Structures are given as structure tokens and as C-alpha cells.
Amino acid sequence: MYYGCGLVVPECLEGCRLLDQGSGSGQDCYMLSQLVGEKGHVTGIDMNEDQLEVARKYVDHHTQEFGYEKPNVDFVQGNIEALKEAGLKENSFDIIISNCVVNLSTDKRKVLSDAYRVLKDGGELYFSDVYSSSRLSDDIKNHKVLCGECLGGALWWEDLVRLAQEVGFSPPRLVTANVITVNNMELEAILGDYKFVSATYRLFKIPKISNKGSLVIYNGNITGFEESLEFDSQYTFKVDEVVEVDGEVASILSHSRFAEEFTFQPPGVPAGCSVKKPKVGTVNPFELVLQLGSATVSSATGGCCGAESSCCK
């Protein structure tokens with residue numbers, strides 16, 4: 001079975017080394033292995049050996065299906081809080097993805113810090129997960145069914161923003177958000193006023209953020225995004241359009257795999273040039289949901305990992 005709470009397919013993947021945290025039966029890994037191409041590589045890590053056994057069965061099939069001379073996918077057993085112990089080396093990945101897995105961890109700071117350690121400079125953690133409107137009580141965190149529904153382990157979104165920066169990442173960039181509804185009266189009574197969303201964030205491992213903004217022009221050379229690039233909920237870059245970005249985004253674009261995809265100019269409007277101003281951004285997924293009137297995602301029972309998940313300790 002497949003469980004997830006978002007689409008974890010970032011842009012500009014060709015030739016990248018990618019890690020899928022909580023790769024399960026390998027569906028995302030194989031799809032991404034085609035997108036990174038024969039010169040790229042995808043590693044899946046999962047704690048469940050039964051899932052990994054299923055995933056490994058199809059390595060040769062996909063190698064032949066994609067016309068590769070040798071496999072560009074491998075799978076390792078381990079915990080996402082212990083990437084070093086699983087044999088994953090420091091500064092070895094361009095991108096890490098994760099789909100509704102971080103909430104199952106009891107040590108989310110360690111998940112983030114280990115991800116930061118194995119990412120190369122300029123690398124990105126692009127992941128979807130479940131977030132709560134405020135910090136959850138211990139009763140809810142320890143509730144077996146809510147944990148299995150990926151609600152009991154949900155991180156308060158403000159804690160994500162804080163933890164990400166404490167371990168070294170740039171401030172999180174919010175991509176999408178959708179409301180999660182709990183269609184179970186008994187569980188609704190237990191949850192009270194807590195609200196939940198599924199949200200996708202992107203975190204970058206870059207040098208200190210610059211205070212200087214920039215004018216950027218998207219070149220349109222990313223496969224599948226030849227006309228425009230929807231970078232996050234605040235910025236969409238259209239080909240050949242001059243866009244004003246703040247120092248944070250300028251630093252991300254210029255120090256990541258996106259550096260060659262943009263032309264950078266110092267602040268200041270050139271004569272006769274029209275410059276697009278960014279819309280007001282937010283890192284609060286609940287605020288984004290209100291702004292966009294986003295679709296709902298139902299939960300309980302049959303959530304992202306099933307009500308009787310053994311992932312929840």
C-alpha cells in the first residue's frame with residue numbers, strides 16, 4: 001500500500017544524488033530514478049526490511065525499462081534519525097525527499113540535523129508532512145490510533161521553523177498546504193481545538209543569508225518547466241521576466257543547484273525595464289490555506305501509515 005501526504009518531486013533533478021527518507025516499497029525512488037537520469041542516483045532508506053525486500057525486487061526491471069547500463073537505485077535499512085549508522089556519508093546528497101515520514105519520528109531535531117549532515121553544500125531537503133496548529137499534548141502524542149494516523153506525531157509548524165534554523169538550514173520555504181479533516185467523532189473529541197494540515201516545505205543548506213536582494217531572470221532551461229517555475233507559494237518565475245527577490249531567496253538561488261538556471265542582477269531597476277514585485281509570503285501553512293482556500297485531505301481512519309502502525313513507539 002502507498003501512504004503519503006504530498007507530492008515530493010522537486011525541480012531540476014537531472015544528474016542529482018537523491019535520498020528518499022522512509023522509502024517503503026520504493027515507488028517514489030523508481031519514479032525519481034528516471035527523473036535524475038542515468039548519471040544521477042537515488043538511495044532509499046527504510047526501517048522495515050519487508051518493505052525493502054519488495055523494493056529491491058524491481059531494481060533490474062527498472063534498469064532495463066529506463067534503458068540504463070547499470071542500476072541507479074539502491075536501498076538501505078536504517079532509521080532516518082541515524083543516517084550515519086546506516087552508512088550514509090557526510091556531504092553526499094544533493095536532495096533529500098520525505099513523504100509523511102518525519103511525523104513518525106520521536107526525535108525530529110535529529111532527523112533534521114542528520115539530513116543537514118548528509119546534504120552537500122547547496123543541497124535541499126524537500127518534504128511533505130503533517131503539522132499541527134499548536135504544540136500537541138503528551139496524551140495525544142501517545143495515543144496509538146492518532147499516532148498511526150500521522151496526527152499524534154505531527155510537529156507544530158512553528159517548531160519546524162525553529163528547529164530547521166537551529167540545525168543550520170535556511171528559513172523554511174512553504175510550497176503548498178492543505179487542510180486535514182478528521183472524519184471520526186471519537187477522535188475529534190480527543191483532539192479538541194487542534195487543527196492539522198499537510199504541507200510541503202523546502203529547506204536549503206547554504207551559507208549565511210545575505211541581506212542584499214537581487215533581480216533575477218529565469219532562463220527556462222529546467223526540463224518540464226520551460227515556461228515557468230513555481231518555486232514556492234510566494235515566488236513563481238516566468239521565463240525572461242525580471243523578478244525582485246529578497247536576500248534570503250537570492251542566497252538560496254545563487255548557492256544551490258538553481259544557480260545556473262537564473263541570471264542575477266544587482267538591485268535597482270534598469271532603464272525601460274519592468275520588474276515584477278513578489279507577493280507577500282508566509283511560512284504559516286494555516287495562513288496559506290486561508291489565502292488559497294486549499295482542498296481538504298481526509299484522515300482517520302486509514303491515514304498515512306495506518307491506525308496500527310508499528311512505526312509509532
Side-chain angles (χ1 to χ4, degrees), residues 1-10 12-107 110-112 114-120 123-129 147-148 150 153 200 302-313:
M1 297 180 69
Y2 181 85
Y3 293 106
C5 61
L7 184 64
V8 285
V9 186
C12 200
L13 296 178
E14 294 176 50
C16 288
R17 291 188 59 83
L18 189 147
L19 173 66
D20 181 2
Q21 292 184 320
S23 54
S25 59
Q27 294 182 62
D28 284 347
C29 287
Y30 287 118
M31 177 265 294
L32 290 161
S33 74
Q34 188 174 25
L35 295 176
V36 301
E38 193 166 11
K39 294 182 179 179
H41 191 275
V42 178
T43 295
I45 182 170
D46 202 278
M47 66 184 290
N48 189 314
E49 184 58 41
D50 291 338
Q51 292 268 46
L52 292 171
E53 184 179 348
V54 173
R56 289 171 178 142
K57 287 181 180 179
Y58 299 96
V59 171
D60 290 341
H61 168 81
H62 286 91
T63 302
Q64 296 175 12
E65 185 74 16
F66 299 152
Y68 297 162
E69 290 186 4
K70 60 181 181 179
N72 70 338
V73 179
D74 72 324
F75 297 94
V76 298
Q77 184 177 25
N79 294 319
I80 60 175
E81 307 96 329
L83 300 183
K84 182 178 181 180
E85 289 78 358
L88 302 182
K89 297 181 180 180
E90 187 175 356
N91 301 320
S92 56
F93 294 98
D94 300 291
I95 305 165
I96 297 175
I97 66 159
S98 173
N99 197 345
C100 208
V101 172
V102 176
N103 72 83
L104 298 174
S105 170
T106 57
D107 191 348
K110 189 64 165 58
V111 172
L112 293 173
D114 262 32
Y116 187 88
R117 184 186 66 83
V118 302
L119 279 172
K120 300 176 184 178
E124 176 184 15
L125 170 58
Y126 187 99
F127 70 116
S128 294
D129 221 292
C147 184
C150 299
T200 300
C304 68
C305 59
E308 299 299 322
S309 171
S310 62
C311 298
C312 310
K313 303 295 184 182

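When a residue number appears, it is its place in the shown sequence, counting from 1. This structure is a prediction, so every number in the text was calculated from the model and none was measured.
Checked for salt-bridge contact, Arg17 and Asp94 miss the test: no charged N lies under 4.0 Å from a carboxylate O.
Atom CG of Leu19 is separated from atom OG of Ser92 by 8.0 Å, given to the nearest 0.5 angstrom. Here the straight-line distance linking atom CD1 of Ile97 with atom OG1 of Thr200 works out to 11.0 Å at 0.5 Å rounding. Rounding to the nearest 0.5 Å places CG of Asp46 at 11.0 Å from CD of Gln21. Separation of atoms CZ (Phe75) and CZ (Arg56) is listed at 8.0 Å; rounding is to 0.5 Å. The structure places CD1 of Ile96 at 6.5 Å from CG of Leu83, a figure rounded to the nearest 0.5 Å.
Checked by atom type and distance alone, the side chain of Gln77 pairs as donor or acceptor with a backbone atom of Met47 at under 3.5 Å. Proximity of a side-chain donor or acceptor of Asn72 to a complementary backbone N or O of Gly37 within less than 3.5 Å is detected. Asn99 places no side-chain N or O within 3.5 Å of a backbone atom of Val8 that could act as its donor or acceptor partner.
Two residues are said to be in side-chain contact when any heavy atoms from C-beta on lie closer than 4.5 Å; Leu112 and Leu125 meet this criterion. Contact annotation: the side chain of Tyr126 never approaches that of Val9 to less than 4.5 Å [non-hydrogen atoms, C-beta and beyond].
Legend: residues meeting salt bridge (charged side-chain N to carboxylate O under 4.0 Å, His left out) with Glu69, ordered by chain and number and at least two apart, are absent. Residues that satisfy the salt bridge (charged side-chain N to carboxylate O under 4.0 Å, His left out) test with Asp20, not counting sequence neighbours, are absent from this structure. For the side chain to side chain contact (heavy atoms under 4.5 Å, CB included) test, residues two or more places apart in sequence or in another chain that qualify with Val42 are Leu18, Cys29, Leu32, Ser33, Val36, Val73.
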